[in-house]
Amino acid sequence: MLDDELCSPPNLYIDGKWVHAAGGGTREIVNPADGSVLATIDEADRADAVGAVAAARAAFDTGGWPRTPVAERIGYLLRIAELLDAERDAMARIETLDTGKTLRESHIDIDDVIAVFRYYANLASTQADRLVDTGDPAVISRVVREPVGVCALIAPWNYPLLQMSWKIAPALAAGCTMVAKPSEVTPLSTIALVKLIDRAGVPPGVVNLIQSSGATVGSALTDTPDVDLISFTGGAQTGATIARTAAPHITRVALELGGKNPHIIFPDADFDSAVDAVLTGAFLHSGQVCSAGTRLIVHDTIADRFVAELARRAQRIRFGPGLDPASETGPLVSEQHRDKVEAYVALGISEGARLVTGGERPADPVLRAGSFYPPTIFDDCRRWMRLVQEETFGPILTVERFGTEAQALALGNDTAYGLAAGVRTADAALGERMVRALRHGTVWLNDFGYYTPAAEWGGFGRSGTGRELGPSGLAEYQETKHIWHNTAPTVGGWFADNDN
Ligand code: NAD
C-alpha cells in the first residue's frame, strides 16, 4: 500500500481546490509487481471534467495568468523544479510502484522532468518579439507570441510524469491554463506533481487535474469549444478518435502517438556496443517505450552471430519488482497489457516467425503475482507480418535480415509509423546517407534511445503531428499575432471622396 501524503485523497484539483469526485466515484490503483492495491483514488465523471474546463476557461479569460509578465511565470517554473528536486526520492518511489519500472529508471525520469521545467523557464526568458521591416518608416510591424488558451493535456501510462511534464511545463511558460488528465492506469505521480504545483503557489484555475478513463471524461475535454488545444500522448487509435472529435470545433490538436522503430545494424558496426544498444533499445522498461527499437534489421553476414549473442544476453536480464535494486527491468503495467503482449507472441508464431528465446510467463513463484514477461526474440521475420508492423508495446524483438544499403533503407522506412530509428555503422558517409533518408522524427547514429529537452521530439506519419520539447514544444502552446502599428496615419486614397 502506498501511504504517501503526495497522493492522498481528494485527488481532483479544480479551481485551486482539492475535491472528491462529485458522483463519489473511486478507482483502485494496482501495483503491477505483485497485484496489490496501492491506493484508492477519486474517479471523476463527466460533470467534474466540465467543471475543470470551466475553471481553466475562467482563469484564462478573466484571470491574471496569461497576462502575467514572463519573468514572473518563469519564477513559478523554477520553484516547481526546486520542489521536485526536494521530493525526488518520493516521486521516484511513487512512479516505480505505479508503473512497475525500476527505481533507477524512475530517478532518471524525475531528473528529466526537473530539467524540462528548467529548460522551458530558460527558453521563455529568451523569447523576444520579432520586428518586421515593412518598407514604411511610419509603420511598426511586430510579431508577438501569445498563449494559445485553455489546453487539455492527456497522457499515457508508460512515462506518466515525464509525458505530462513535457506538456505542463511549456503550457505554463506560455501563459496557458489547463486541464491535465493522466492515464487512469498510472495517475499517482501526476497527482503528486500537481500537489507541488499547488505548493509553488500557481494561481487557482491555471492547472486543473481530473482522474478518469478516456471513455468517461474524454469528450468533455475534446468535444468542446472551450478548449483551444488538445495535447495528447497515447495510442494511434485514440489519437485518431480525438482528432475526429475535435475537428468540428477546429480545436488545435497535437498528437504524440506510437511507433514501430527500426534499428539497423551494418556489418562494419562495433559488434559488442551494437548488441548492447539493441538489448537496451528493445527491452528497457520491458519494451513499453514509444521509441523502443523492437524491429532489428541486421546484415546477413553477421545476423546469426548477432542473434545468438542477443539471445544469450536477453536470457540474463534480471527482471523483478522495480523497488528491488537487483532488478534490471520491471513487470508489464497490468495483467490486461500482458494478455495483449502474449497475444502478439501467439500471433508471431502463427505467422511463421521463429521464437528464439522468451515467449513464456516466468515460472518463478515470486514473480507469479505480478505481470512479468521475459525478453522475447523472434528471428526469420518478414516485413508483411503484423508482428513486424504493429506496436506490441512489450518486450518482443523481431529480426529481419538485409543484404544491401537499399534493402536496409527500404525496410527501415517500411512502416506506417515514423517515430524513431537507429543506425549503426563505422562508415560516416553511409551513416549520413541513412540518417537523412530515414523518415522518422528522431534518428540515432551509433546510439539509441537518447533525447534532450532542447531537441524536438515527435513523429512522422502515423506517429503523430506536432512536436514536444525544444523551441517547437513551446510554440505548440503559443499563438503568433502580427501587430501593425501606423504611427502617422494619412488618407489612403483608394476610394475617391465622391462628395467633393
Ligand atoms: P491510450 O491511447 O490508451 O491512452 C492514452 C490516454 O488517453 C489515457 O489518459 C486515456 O485515458 C486517454 N483516452 C483514451 N480514450 C480517450 C478518448 N476517447 N478521449 C480522450 N482521452 C482518451 O494509450 P496508452 O495505452 O495509455 O499508452 C500507450 C501508447 O502511448 C502507445 O501507443 C505509445 O507508443 C504511446 N506513447 C507515445 C509517446 C510519444 O512520445 N510519441 C510517448 C509515450 C507513449
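In each ligand, atom 1 is the first atom listed, and ligand 1 is the first ligand listed.
- Between the side chains of R46 and S219, a donor-acceptor pair is found at a separation under 3.5 Å.
- Distances from atom 4 (O) of ligand 1 to the protein include no heavy-atom value under 4.0 Å.
- Counting only heavy atoms of the protein, atom 42 (C) of ligand 1 lies nearest to C290 SG, 3.0 Å.
- Distance from atom 37 (C) of ligand 1 to its nearest protein heavy atom, with residue and atom name: L257 O, 3.1 Å.
- For ligand 1, the atoms lying closer than 4.0 Å to a non-hydrogen atom of P182 are 9 (O).
- Partner D112 forms a side-chain hydrogen bond (donor to acceptor under 3.5 Å, both in side chains) with one of Y159, Y119, Y451 and no other, that one being Y451.
- When each of N158, V341, L332 is paired with S286, the side chain to side chain contact (heavy atoms under 4.5 Å, CB included) condition holds for L332 and for no other.
- In the candidate list S219, G218, A152, G218 is nearest to atom 20 (C) of ligand 1, counting heavy atoms.
- When hydrogens are left out, the protein atom nearest atom 2 (O) of ligand 1 is T238 OG1, 2.6 Å; that is the closest non-hydrogen contact.
- Looking at ligand 1, you won't find any N or O of T241 less than 3.5 Å from one of its N or O atoms.
- Shortest contact from atom 22 (C) of ligand 1 to any protein heavy atom: G214 CA, 3.4 Å.
- Of all the atoms in ligand 1, the ones that sit under 4.0 Å from a non-hydrogen atom of F393 are 28 (C), 31 (C), 33 (C), 34 (O).
- In terms of protein heavy-atom proximity, atom 9 (O) of ligand 1 is nearest to A155 O, 2.8 Å.
- Note on ring orientation: taking the six-membered ring where Trp is involved, the planes of Y13 and W18 are tilted (angle from 30° to 60°).
- Using a 4.0 Å cut-off to heavy atoms of Q163, the atoms of ligand 1 that qualify are 42 (C), 43 (C).
- What sits closest to atom 35 (C) of ligand 1 on the protein, heavy atoms only, is G234 O, 3.3 Å.
- Listed by number with element, the atoms of ligand 1 under 4.0 angstrom from any heavy atom of W457 are 39 (C), 40 (O).
- The single protein non-hydrogen atom nearest to atom 10 (C) of ligand 1 is E184 OE1, 3.7 Å, given as residue, atom name and distance.
- Residue contacts with ligand 1: F232 is included, with a non-hydrogen atom under 4.0 Å away.
- Between the side chains of K167 and S231, at least one donor-acceptor pair of N or O atoms lies under 3.5 Å.
- For atom 24 (P) of ligand 1, the closest heavy atom belonging to the protein is W157 NE1, 3.5 Å.
- Aromatic ring orientation, W444 versus W457: tilted (interplanar angle from 30° to 60°).
- Under the side chain to side chain contact (heavy atoms under 4.5 Å, CB included) test applied with L296, the options L397, I264, D379, I377 reduce to a single match, L397.
- Counting only N and O atoms by type, the side chains of E95 and S189 include a donor and acceptor under 3.5 Å apart.
- Looking at G235 next to ligand 1, an N or O pair under 3.5 Å apart turns up.
- At a threshold of 4.0 Å, the pair D198-K17 does not count as salt-bridged, since none of the basic side-chain nitrogens sits closer than that to a carboxylate oxygen.
- Among the candidates R104, H285, K101, Q163, the single residue satisfying the side-chain hydrogen bond (donor to acceptor under 3.5 Å, both in side chains) test with D109 is K101.
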